[in-house]
Amino acid sequence: MLGPVILAASRSDKMRRFISAAPGTKQVVDRFIAGETVDQVVPVIQDAAGKGLEVTLDVVGEDITTPEQAAAARDAYLELVGRLKELGLGTRAEMSVKLSMFGQALEGGHELALANVRPVVEAADAIGTTVTLDAEDHTTLDSMFAIHEELRKDFPQTGCVIQSYLFRTEADARRLAAAGSRVRLVKGAYKEPASVAYQNKPEIDKAYVRILRTLMQGEGYPMIGSHDPRLIAIGQELARQAGRKLDEYEFQMLYGIRSEEHVRLAAEGHRMRVYTAYGTDWYGYFMRRLAEKPANLLFFGRSVLTKG
């Protein structure tokens, strides 16, 4: 399987340099990354709003090695909140954050990440929107869930992400499917060992359905993060069985993938949110998009060959 190989390459400085220099890289990166600056991503937000779509915004970048870099990541999100406020887009756009960007892996990282993310959550709340904490590799999750629980004391709409390929997630979903919670379910996009995660797609998909049923039958707000037509249809059926109205759950898909489906679901009355990443440190995010779907890798390969 190519996926684990690509995920391993996402941590390689040598591969980062090679991919960044490849002639066709920019064409493919532009498919998944909405821009490098806030100003470049604003038209994307406005275009989505015009189509009846909502967005969640991710300032890409994960390899934080100093507290100063973590503070800069915090400030980048605060700049984003300021622009959303100026444009009156707070109710159409929320934010997704990776706690690794806020210093989670540094010495004293749990406290540092909480201290850096709190002002972002406060600023988001002040303009009528919220923040979702993205899930990263399994070693970070206890800290992420603890920070999520702490933030929800003052900002109960703060969301979190769970991953169906991890064995622990069914128990996490039962705990999180409570009134007022917002939970995004995804399959998972990190290289995880067989001791903690399912390794084949059928098992991951089965777990996804079990977990989604738990979320739909709970009292929280499920966010269905998938591009898989079969899982989307199953999600609609599970929502119907649970008696949920169209505004009591939502679908989420990545910017640049199945854009026509985004519009179709919104036209049917579903809440549809587009996960929109931007920024200059795109490499890790980009490599996970290649690993998730062979067609993305083929698209990249063709671009390199035709531009070489």
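Please read all numbers here as calculations on a predicted model, not as lab measurements.
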- [ ] Applying side-chain contact (heavy atoms from CB on, under 4.5 Å), run through Ile224 and Glu250 and close with a yes or a no.
- [x] CA-CA 6 Å; Ile224 306 166; Glu250 68 182 49; over 6 Å; no
TODO: Might you work through the side-chain contact (heavy atoms from CB on, under 4.5 Å) test for Leu238 and Arg244, ending with a clear yes or no?
DONE: CA-CA 9 Å; Leu238 290 175; Arg244 286 183 176 265; over 6 Å; no
TODO: Keeping the roles fixed (side chain from Ser143, backbone from His110), state whether a donor-acceptor pair exists under 3.5 Å.
DONE: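 No; judged by distance alone, with no hydrogens or angles, the pair does not exist.
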- [ ] Return the set of residues passing side chain to side chain contact (heavy atoms under 4.5 Å, CB included) with Ala173 (not counting sequence neighbours), or none when no residue passes.
- [x]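 For Ala173, the residues satisfying side chain to side chain contact (heavy atoms under 4.5 Å, CB included) (neighbours in sequence not counted) are Ile162, Ile211, Thr214, Leu215.
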TODO: Please report the closest heavy-atom contact between Arg184 and Ser96, naming both atoms and the distance.
DONE: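 For Arg184 versus Ser96, the nearest heavy atoms are NH2-OG, 2.8 Å.
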Task: Listed partners of Glu149 passing salt bridge (Lys or Arg N to Asp or Glu O under 4.0 Å), at least two apart - done: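 So Glu149 forms no salt bridge (Lys or Arg N to Asp or Glu O under 4.0 Å) with any residue.
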Open item on the list: When you compare the side chain of Glu36 with that of Tyr278, does any pair of heavy atoms fall below 4.5 Å?
Closed with: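 No, side chains not in contact.
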- [ ] Determine whether Val183 and Val161 make a side-chain contact, defined as any pair of heavy atoms from C-beta on separated by less than 4.5 Å.
- [x]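 When only atoms from C-beta onward are counted, Val161 and Val183 do not touch, as no gap falls below 4.5 Å.
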Task: Ring-ring centroid check Tyr255 Tyr275, cutoff 6.0 Å - done: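 Here the rings of Tyr275 and Tyr255 have centres that are no less than 6.0 Å from each other.
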Task: Ring center gap for Tyr77 and Phe102 short of 6.0 angstrom - done: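 Yes; Phe102 has its ring centre under 6.0 Å from that of Tyr77.
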Task: Enclosure of Glu268 CD (heavy-atom neighbours >12, cutoff 6.0 Å) - done: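 Enclosed.
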Between [X] and [Y], does any side-chain N to carboxylate O distance fall below 4.0 Å?
X	Y	value
Glu54	Arg92	no
Lys245	Glu248	no
Lys201	Asp228	yes

- [ ] Take Asp137 and Thr139 through the test side chain to side chain donor-acceptor pair (under 3.5 Å) and record every step on the way to the result.
- [x] CA-CA 6 Å; Asp137 74 80; Thr139 64; 2.4 Å; yes
- [ ] Start with the C-alpha gap between Thr56 and Gln252, add the side-chain angles, then the distance that decides, and say whether side chain to side chain donor-acceptor pair (under 3.5 Å) holds.
- [x] CA-CA 9 Å; Thr56 184; Gln252 295 192 4; 5.8 Å; no
- [ ] Evaluate the criterion side chain to side chain donor-acceptor pair (under 3.5 Å) for residue pair Glu192 and Tyr198; output intermediate values, then yes/no.
- [x] CA-CA 9 Å; Glu192 298 286 12; Tyr198 299 109; over 6 Å; no
- [ ] Check whether NZ of the Lys or CZ of the Arg Arg213 lies under 6.0 Å from the centre of the six-membered ring of Tyr208 and within 45 degrees of that ring's axis.
- [x]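 Not satisfied by the 6.0 Å and 45° rule.
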Task: Of Ile147, Val131, Leu151, the residue whose pairing with Arg118 passes side-chain contact (heavy atoms from CB on, under 4.5 Å) - done: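 The side-chain contact (heavy atoms from CB on, under 4.5 Å) with Arg118 is passed solely by Leu151 among Ile147, Val131, Leu151.
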TODO: For a side-chain contact (heavy atoms from CB on, under 4.5 Å) with Ile45, tell me which candidate from Val55, Leu53, Val38 qualifies.
DONE: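 So, applying the side-chain contact (heavy atoms from CB on, under 4.5 Å) to Ile45 and each of Val55, Leu53, Val38, only Val55 qualifies.
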